[in-house]
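For ligands, and for the atoms within them, numbers begin at 1 and follow the listed sequence.
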Amino acid sequence: MERSQELFDRAQKVLPGGVNSPVRAFRAVELCPRFIERADGAYIYDADGKHYIDYVCSWGPMLLGHNHPAVREAVERAVKDGLSFGAPTQREVEMAELMVEMVPNIEMVRMVNSGTEAVMSALRLARGATGRDKLIKFEGCYHGHSDCLLVNAGSSALAGGHPSSAGVPEDIVKHTLTAQYNDLASVEVLLEEYHGQVACVIVEPVAANMGVVGPAPGFLEGLRALCDKHGALLIFDEVQCGMGRSGKLFAYQKFDVMPDICTAAKALGGGFPIGALMEQVAPCGPVYQAGTLSGNPVAMAAGLAQLRYIQAHPEVYAALEKYAKELAEGMRRAAAKHGAGVAVNQIGSLVAPFFTPSAVTTFLDAKGSDVGRYARYFKGMLERGVYLAPAQFEAMFVSTAHTREDLECTLEAVDEVFAEG
Ligand code: PMP
């Protein structure tokens with residue numbers, strides 16, 4: 001801990017809160033963040049010589065584990081040729097072709113630099129295409145930190161107790177309407193009230209920024225039907241649940257509901273900052289979207305290598321899901337054994353425990369989790385060498401590098417921590 005503490009002390013003098021993204025500061029669990037030196041397979045190694053089984057996986061991208069040779073070697077090859085050109089490259093074409101090939105409904109891809117950028121651009125596209133201004137989002141869903149989406153947001157915006165943000169003008173969020181996830185009636189009311197004004201409904205098809213909450217049967221189908229009825233576009237934000245996390249490449253394939261626009265990022269770049277926006281934008285269409293580093297050759301190399309690997313090894317999804325299922329079941333068993341009052345949700349390779357005795361199917365249920373208990377659970381697991389999301393309203397991510405031994409170690413730790421109450 002000494003070295004991490006020392007680095008954190010230094011960091012706080014020159015970086016706001018000592019970090020470059022709030023959740024990393026460990027404030028929700030009131031601990032000093034571990035400074036990470038390197039990662040390999042299922043493990044991350046901190047500056048104090050400790051290592052942990054990693055269930056953050058860079059918040060999703062490390063589907064194949066850290067430092068996977070196929071991805072690393074592709075990146076090393078790309079780096080030798082230069083880091084960025086601001087000009088088109090063959091890899092971008094191959095990447096887009098591969099996505100179109102792997103997912104039948106994808107027609108076009110626009111590469112961007114982050115999930116925030118992907119969603120922000122998708123919104124502009126939806127507004128440009130419909131000529132309407134309003135959007136409907138869901139309480140507890142997080143879509144990055146662009147102004148008009150920082151309203152009733154999930155993820156660390158939630159854990160930090162700031163569902164919105166200072167610096168976002170009322171005038172900008174007046175077009176943002178908020179509905180309840182898994183409650184179609186709450187969407188219908190808004191679409192009726194603002195008839196003809198709603199450009200789009202944006203949703204995480206698997207809500208993974210309020211812990212993990214899956215769509216109730218008929219919810220996504222209902223959203224599709226409501227959007228069609230009201231001439232609104234349906235955007236699936238798959239930055240968190242897409243790219244193999246839900247059990248298929250995209251959640252919309254798993255649930256068989258087609259959005260009009262789908263956003264992805266993270267694993268698309270194998271951990272590099274890229275995102276995708278599937279539609280026709282400038283220079284073909286009237287919706288402006290651009291980026292100096294978009295389609296960056298190193299990011300493309302990583303994304304391509306990871307996608308190619310998944311294409312060649314489709315069994316990856318089943319392996320991830322099997323591990324996640326066994327993890328969730330083991331956690332439920334430990335909770336029952338110790339009367340811990342914990343509900344565990346799992347979809348694909350996403351898992352989340354909630355410290356509440358009843359099932360969690362809505363944002364309201366999720367908010368009922370005892371975050372103080374989550375903090376104690378986090379600390380207990382960290383002490384036993386298991387690195388989890390340092391906040392309740394996040395997911396656990398598993399990778400193909402996690403082994404049976406890792407699973408057993410994790411469940412042993414869970415058993416001990418739940419036994420402590
Ligand atoms: N959308 C969703 C669903 C997300 O989970 C996130 C980040 N976790 C974002 C958008 C923003 O992505 P980024 O942090 O890459 O900007």
Can you list the residues that meet the salt bridge (Lys or Arg N to Asp or Glu O under 4.0 Å) rule with Glu315, with sequence neighbours excluded? none
Please output the residues near ligand 1 using a strict heavy-atom distance under 4.0 Å, listed in chain and residue-number order. Ser114, Gly115, Thr116, Tyr142, His143, Gly144, Glu204, Asn209, Asp237, Val239, Gln240, Lys266
Return a table of donor-acceptor pairs under 3.5 angstrom between the side chains of residues 374-382 and protein atoms on other chains or two or more places apart.
{"residue": "Tyr374", "atom": "OH", "partner": "Ala389", "partner atom": "O", "Å": "2.6"}
{"residue": "Lys379", "atom": "NZ", "partner": "Glu383", "partner atom": "OE2", "Å": "3.3"}

Salt-bridged, Asp81 to Arg77, with N to O below 4.0 Å? no
Just to verify, what does Glu92 make a salt bridge (Lys or Arg N to Asp or Glu O under 4.0 Å) with, not counting sequence neighbours? none
Under 4.0 Å between a Lys/Arg side-chain N and an Asp/Glu carboxylate O for Glu238 and Lys248? no
Please report the C-alpha distance between Asn209 and Glu204 in whole Å, then the side-chain angles of each, then the deciding distance to 0.1 Å, and finally whether the side chain to side chain donor-acceptor pair (under 3.5 Å) criterion is met. CA-CA 9 Å; Asn209 284 288; Glu204 291 178 70; 3.0 Å; yes
